[in-house]
Amino acid sequence: LRIPGKGTEEYIDRANEAVAAREAANAGVSPEVAHFDEAGVMVTRFVDGAVTMTPALFKARAGSPARAGSAFARLHASGAEFPFRFELFAMIDDYLGILATKDVTLPEGYHDVVAEAQGSVRAALDAHPSPLAPCHCDPLCENFLDTGERMWIVDWEYSGMNDPMWDLGDLSVEAGFDAAQEEEMIRAYFGGAPTPAERGRIVIYKAMCDLLWTLWGLIQLANENPAEDFRAYADGRFARCRALMAETDFSDHVAAVAKG
């Protein structure tokens with residue numbers, strides 16, 4: 001059973017989510033949807049023997065990064081059509097618009113980093129656009145249910161047609177994957193090593209997901225969501241984004257993406 005959180009109607013389209021949840025179930029990636037109403041109350045089939053994942057469990061449960069990569073591959077290759085187009089820079093603008101109506105302060109330098117991303121990063125991504133695929137777009141560890149043999153994915157609030165490399169980069173960030181875990185996920189997804197451009201897109205999205213979810217955290221802060229310290233959450237994500245973009249090989253990955 002999922003009951004929508006306070007204030008989520010500002011940025012979640014429940015009709016889109018309902019379609020995506022059912023399509024993901026049809027693809028064998030998510031549990032069957034038994035009920036979904038206009039308010040967003042959803043009931044799905046219980047998955048026997050499943051464990052709700054966390055960063056610690058992704059480290060402790062052997063093969064779990066590979067099972068997640070395989071689940072993404074199944075989803076992305078399913079041919080499903082999600083109603084929403086998950087577009088990074090449009091969503092940043094939308095979230096900034098929401099925050100303009102609220103009493104909350106952006107991290108220092110946020111607009112400068114957005115401007116940098118709008119420049120070289122966006123140009124590289126646009127040079128060779130990836131074919132859009134049905135994507136989860138919000139792969140928190142807790143949205144994965146692992147049976148030890150198969151990984152299921154739940155919670156399709158932010159799902160949409162997107163560059164599939166977003167899902168891989170975002171999960172790596174959310175789960176705190178080390179290099180070996182990230183490689184395990186990637187190789188399970190591709191069935192081998194990715195191209196430099198594919199790997200570059202994953203790295204770019206590791207930074208860009210933090211740039212976007214920084215704003216999401218500030219919306220939670222403004223809405224007084226008590227789940228955690230969202231000021232620290234937002235500041236931490238932005239700091240991690242800046243640190244990755246400042247690494248010496250980040251520009252190499254951007255160049256690989258631009259080259260295609």
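- In this structure, the side chain to side chain contact (heavy atoms under 4.5 Å, CB included) partners of Asn26, at least two apart in sequence or on a different chain, are Glu23.
- Annotation: salt bridge (charged side-chain N to carboxylate O under 4.0 Å, His left out) contacts of Glu32 (sequence neighbours excluded): Arg45.
- Not one N or O on the side chain of Asn162 forms a donor-acceptor pair closer than 3.5 Å with the backbone of Pro164.
- A salt bridge is defined here as a Lys NZ or Arg NE, NH1 or NH2 lying under 4.0 Å from an Asp or Glu carboxylate O, and Asp210 with Lys206 fails to meet this definition.
- Side chain of Ser172 to main chain of Leu168: no donor-acceptor pair is present (N/O by atom type, distance under 3.5 Å, no hydrogens or angles).
- Rounded to the nearest 0.5 angstrom, Thr8 OG1 and Ile3 CD1 are separated by 11.5 Å.
- At distances below 3.5 Å, not a single donor-acceptor pair connects side-chain atoms of His76 with backbone N or O atoms of Cys135.
- Under the 3.5 Å distance criterion, the side-chain polar atoms of Gln181 are matched with a main-chain donor or acceptor of Asp178.
- Annotation: the span from Met185 atom CE to Asp167 atom CG amounts to 9.5 Å, rounded to 0.5 Å.
- With sequence neighbours left out, the ring pair (Phe, Tyr, Trp, His ring centres under 6.0 Å) criterion links Tyr233 to Trp216, Phe230.
- The aromatic rings of Phe144 and Phe58 sit perpendicular, their planes meeting at an angle over 60°, well past the 30° parallel limit.
- Between the Glu247 side chain and the Asp249 main chain, no donor and acceptor come within less than 3.5 Å of each other.
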Quiz item: Does the side chain to side chain contact (heavy atoms under 4.5 Å, CB included) test come out yes or no for Phe36 and Arg2, once each step is laid out?
Solution: CA-CA 9 Å; Phe36 199 115; Arg2 192 285 308 281; 3.9 Å; yes

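- Proximity of a side-chain donor or acceptor of Ser30 to a complementary backbone N or O of Val154 within less than 3.5 Å is not detected.
- Asn223 places no side-chain N or O within donor-acceptor distance of the main-chain N or O of Asn225, the cut-off being under 3.5 Å.
- Between Tyr11 and Tyr158, the angle of the ring planes stays under 30°, which puts this pair in the parallel group of the 30/60° scheme.
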Practice problem: Take Arg14 and Glu17 through the test salt bridge (Lys or Arg N to Asp or Glu O under 4.0 Å) and record every step on the way to the result. | Solution: CA-CA 5 Å; Arg14 296 298 172 191; Glu17 182 195 6; 2.8 Å; yes

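- No side-chain donor-acceptor contact under 3.5 Å links His35 to the backbone of Thr44.
- Looking only at atom types and distance, the side chain of Arg67 has no donor-acceptor partner in the side chain of Thr147 under 3.5 Å away.
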